[in-house]
> 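If you scroll down you'll find the structure; I have some questions about it.
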Amino acid sequence: MTSSTRNESLRNIAIIAHVDHGKTTLVDAMFRQSGMFRADQHVDDRIMDSMELERERGITIAAKNCAVTWKGVRINIIDTPGHADFGGEVERALSMVDGVILLVDSSEGPLPQTRFVLRKALELGLPVIVVVNKIDRKDARPEEVLNEVYDLFIDLGADDRQLEFPVLYAIGRDAVAMLKPDDERKDLAPLFDAILKYIPGPSHDPSKPFQMLVADLDYSDYLGRLAVGRILNGEARTRDALACIGADGAVRPLKATRIQIYKGKAMQDVEEAQPGDIIVMAGIEDVTIGDTICTKEAPEALPRIHVDEPTVAMRFGINTSPLAGREGKIVQARKIRERLDREALRNVSIRVEDTEDRDAFLVKGRGEFQMAILVETMRREGFELTVGRPEVIVKDIDGEKMEPIEELSVDCDESFMGVVTEKLAFRKGRMLNCINHGSGRIRLTFSVPSRGLIGYRDEFLTDTKGTGIMNSTFSGYEPWRGDFVTRLTGSLVADRAGNAVAYALYNLEPRGRLFVVPGDPVYEGMIVGEHNRDNDIDVNATKEKKLTNLRASGKDENIILTPVRPMTLEHALNFLREDELLEVTPQSFRLRKAELSAQKRYQMGGGRKRL
């Protein structure tokens with residue numbers, strides 16, 4: 001009979017919440033009040049958001065580890081993403097912790113991603129500390145939000161033990177936490193004390209040898225591949241003879257050249273790591289997330305990390321346009337495949353598959369936003385590539401066509417309820433709930449096919465004049481709800497190569513909205529604008545004004561073009577149709593037809609009008 005003991009000198013917690021509910025800001029405050037920085041030390045805001053894209057967009061993309069010390073106990077903290085597309089990072093992080101802090105906005109209350117992350121935590125049986133954050137908001141309603149949290153726990157099937165969760169109230173920006181909303185707003189001591197009181201220390205079996213589940217990978221130019229994980233049993237020492245058990249069950253020998261633990265955001269070298277600690281092993285090659293690292297004498301595999309299936313697929317390929325190789329450094333299919341494989345190695349929710357075309361690959365993930373982040377990251381690394389429209393992954397279950405369905409939460413002014421409901425009904429959405437708090441804004445909940453949300457976000461912001469908020473999370477597979485038109489407009493397609501000319505663009509403006517400005521290079525098959533009608537037309541964007549030797553008494557007409565809205569990656573992906581691709585380079589986004597030749601497109605069926 002085995003008996004487990006707890007390491008009371010450690011606590012492992014994850015901070016989970018919906019996007020923009022204040023996770024990273026709260027971690028900043030915990031750093032400052034635990035004594036990690038000097039009193040006169042300058043520290044940037046949101047120090048856990050270290051990626052350039054995270055700071056630009058104000059969101060967390062990858063889960064990150066850090067540690068603080070409180071009353072002699074080291075607390076390992078994992079800051080997780082709040083966006084639904086990065087749910088794989090949350091599932092990976094929860095495999096390393098013994099409890100979670102659930103952050104809920106005091107005004108918005110539980111939202112779709114709150115449900116997703118809480119469901120994962122309850123399935124693992126993790127204790128939860130609920131923190132109602134941002135109680136200083138003018139529209140804060142902490143008591144109502146707490147009741148909504150209780151309803152969410154009951155709805156997710158929490159048992160009596162899980163329903164007895166402790167509640168704190170906080171203002172993360174001011175670094176204060178209270179047991180009651182009216183208590184003195186002093187510091188975060190109540191939160192730290194609650195972690196020590198309600199989150200148990202990591203348990204381990206003293207009789208078992210060393211075992212560690214790899215939950216994350218990193219790379220160092222000096223140390224090579226780094227494996228991050230929690231020690232489930234035993235102790236780890238540098239240069240011990242270890243073994244790695246992969247997905248195939250094969251046992252491969254390895255030796256860790258260095259072991260590090262987290263101290264603040266940085267890492268500290270140690271000769272020996274204790275049970276339950278989250279460590280970083282250096283010098284380990286050929287290891288993937290989910291592998292078990294154990295002793296060579298007694299190899300025993302741990303259950304692998306399981307994440308939800310991908311729901312969206314997108315085609316990645318080499319840049320085949322006439323402008324290929326002019327702006328990017330990396331253009332080869334082999335390099336693109338290596339980069340995608342490296343991403344799949346670190347991100348457990350992404351999968352890469354080959355296609356019939358050896359120069360193109362199919363990448364599967366959780367959502368279009370996750371795909372857009374991957375494309376943007378590769379673009380900044382110097383890659384040139386073409387990507388297709390995100391497509392949902394359809395399944396055949398018991399002979400019936402099934403598609404992924406999302407639960408969509410919409411927060412907007414009452415006056416916009418009609419247009420939002422109409423647009424989502426057109427996209428096969430069904431309203432599940434409508435809540436009106438009497439403040440002028442309403443909360444709508446819809447069940448919508450994932451394909452119906454691709455490209456809808458820009459339209460939604462336009463319909464609500466930029467004041468609407470929409471969030472969604474995957475809810476499961478349901479029978480196919482029928483076809484609908486994804487785009488009501490066509491494309492203006494260039495019919496020859498050259499540089500765009502103001503005279504030609506001026507005469508094309510009545511046909512639709514343009515994407516190029518005078519001087520931009522264009523080529524045959526490149527999309528230079530959006531047609532007002534639903535058909536595509538071939539146009540000459542390089543046409544110049546014919547000059548004569550006749551003089552006129554007046555001056556030539558001064559051409560003034562309508563300003564062109566800069567093309568963003570998300571807008572370009574949303575615009576794409578099935579027969580269109582997006583050319584991505586470090587300097588440009590160009591929309592194009594999959595088949596560049598106008599003659600071949602005409603022969604393939606659809607005669608196009610020429611201007």
Side-chain angles (χ1 to χ4, degrees), residues 18-19 83-87 111-113 115-116 308-315 349 362-373 387-397 400-412 416-434 442-464 466 468-491 530 534 568-580 582:
H18 190 83
V19 65
H83 201 284
D85 284 16
F86 308 109
L111 289 174
Q113 184 67 0
R115 170 182 287 270
F116 170 77
D308 291 342
E309 294 288 314
T311 58
V312 171
M314 203 162 91
R315 175 193 178 278
S349 61
L362 193 67
V363 180
K364 296 181 177 180
R366 287 286 183 84
E368 56 174 321
F369 186 55
Q370 183 187 34
M371 296 295 183
I373 292 295
V387 295
R389 176 181 171 84
E391 302 286 348
V392 298
I393 299 174
V394 179
K395 292 184 176 181
D396 193 328
I397 302 176
E400 188 173 11
K401 188 177 182 181
M402 309 286 278
E403 65 172 335
I405 302 294
E406 308 225 0
E407 181 180 307
L408 176 70
S409 174
V410 172
D411 188 321
C412 66
F416 301 128
M417 177 180 176
V419 66
V420 170
T421 305
E422 179 186 357
K423 292 286 181 72
L424 288 173
F426 177 77
R427 294 168 176 263
K428 306 298 181 183
R430 300 169 184 168
M431 185 184 290
L432 303 178
N433 197 11
C434 176
I442 57 171
R443 173 81 57 80
L444 305 172
T445 305
F446 294 88
S447 170
V448 189
S450 297
R451 59 194 168 96
L453 294 179
I454 295 176
Y456 175 64
R457 190 173 297 274
D458 286 347
E459 198 174 329
F460 169 78
L461 289 174
T462 301
D463 292 340
T464 60
I469 302 171
M470 60 174 276
N471 296 286
S472 64
T473 187
F474 174 67
S475 63
Y477 275 82
E478 292 184 14
W480 182 264
R481 293 189 181 178
D483 297 323
F484 55 86
V485 179
T486 57
R487 199 175 93 204
L488 300 174
T489 56
S491 300
E530 180 180 14
D534 60 355
T568 64
L569 177 59
E570 285 87 351
H571 177 252
L573 290 175
N574 294 342
F575 181 83
L576 290 176
R577 275 180 169 168
E578 289 74 11
D579 64 336
E580 296 169 351
L582 173 63

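For this chain, numbers begin at 1 and follow the sequence in order.
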> Report yes if some heavy atom in the side chain of P479 is under 4.5 Å from a heavy atom in the side chain of M402; otherwise report no.
yes
> Side chain to side chain contact (heavy atoms under 4.5 Å, CB included) between H18 and T473: does it pass, once the steps are laid out?
CA-CA 10 Å; H18 190 83; T473 187; over 6 Å; no
> A side-chain contact here means heavy atoms from C-beta on lying under 4.5 Å apart; do L569 and L582 qualify?
yes
> Is M431 close to M417 at the side-chain level, that is, under 4.5 Å between some pair of heavy atoms?
yes
> How long is the span from the CG atom in N433 to the OG1 atom in T445, to the nearest 0.5 Å?
5.0 Å
> Enter the distance from T421:OG1 to F446:CZ here, rounded to the nearest 0.5 Å.
4.0 Å
> With under 30° as parallel and over 60° as perpendicular, where do the rings of Y456 and F460 fit, or are they tilted in between?
tilted
> Would you say the side-chain atoms of R315 pair up with the backbone N or O of G388, donor to acceptor, closer than 3.5 Å?
no
> Give the minimum heavy-atom separation between S349 and P310, together with the two atoms involved.
O-CB, 4.2 Å
> Does R451 pair with E403 as a salt bridge, N-O distance under 4.0 Å?
yes
> Taking the side chain as every heavy atom from C-beta outward, state whether M470 and L453 have any atom pair closer than 4.5 Å.
yes
> Taking all heavy atoms of R577 and all of G490, pick out the closest pair and write down the distance.
NH1-CA, 4.0 Å
> Would you say that I454 contacts R389 through its side chain, given a criterion of any heavy-atom pair below 4.5 Å between the two side chains?
yes
> Nearest heavy-atom pair of R427 and P449: which atoms, and what distance?
O-CD, 3.6 Å
> Locate the shortest heavy-atom distance separating E400 from D396; write the atom from each residue and the value.
N-OD1, 3.3 Å
> Among S447, S450, S475, find the one that has a side chain to side chain donor-acceptor pair (under 3.5 Å) with E406.
S450
> Is there a side-chain contact between I442 and F416 in this structure, where contact means two heavy atoms from C-beta onward sitting under 4.5 Å apart?
no
> Quick one: closest heavy-atom pair of A372 and L573, and the distance?
CB-CD1, 4.0 Å
> So how far is it from E422 CD to D463 CG, rounded to the nearest 0.5 Å?
9.0 Å
> To the nearest 0.5 Å, tell me how far T568 OG1 sits from N574 CG.
8.0 Å
> Between E478 and K428, is there a salt bridge with N-O shorter than 4.0 Å?
no
> For a quick test of reading the model, state the closest non-hydrogen atom pair linking F426 to F484 and the distance between them.
O-CB, 3.7 Å
> Looking at T311 and R366, would you say the former's side chain and the latter's main chain have a donor-acceptor pair under 3.5 Å?
yes
> Applying side chain to side chain contact (heavy atoms under 4.5 Å, CB included) to I405 and R481, what does each step give before you reach the verdict?
CA-CA 10 Å; I405 302 294; R481 293 189 181 178; 3.9 Å; yes
> Give me the one residue out of N471, L424, L444 that meets side chain to side chain contact (heavy atoms under 4.5 Å, CB included) with L408.
L424
> Between Y477 and K395, is there a cation-pi geometry (under 6.0 Å to ring centre, at most 45° from the normal)?
yes
> Evaluate side chain to side chain contact (heavy atoms under 4.5 Å, CB included) for R457 paired with E368, printing each intermediate quantity in order.
CA-CA 11 Å; R457 190 173 297 274; E368 56 174 321; 5.9 Å; no
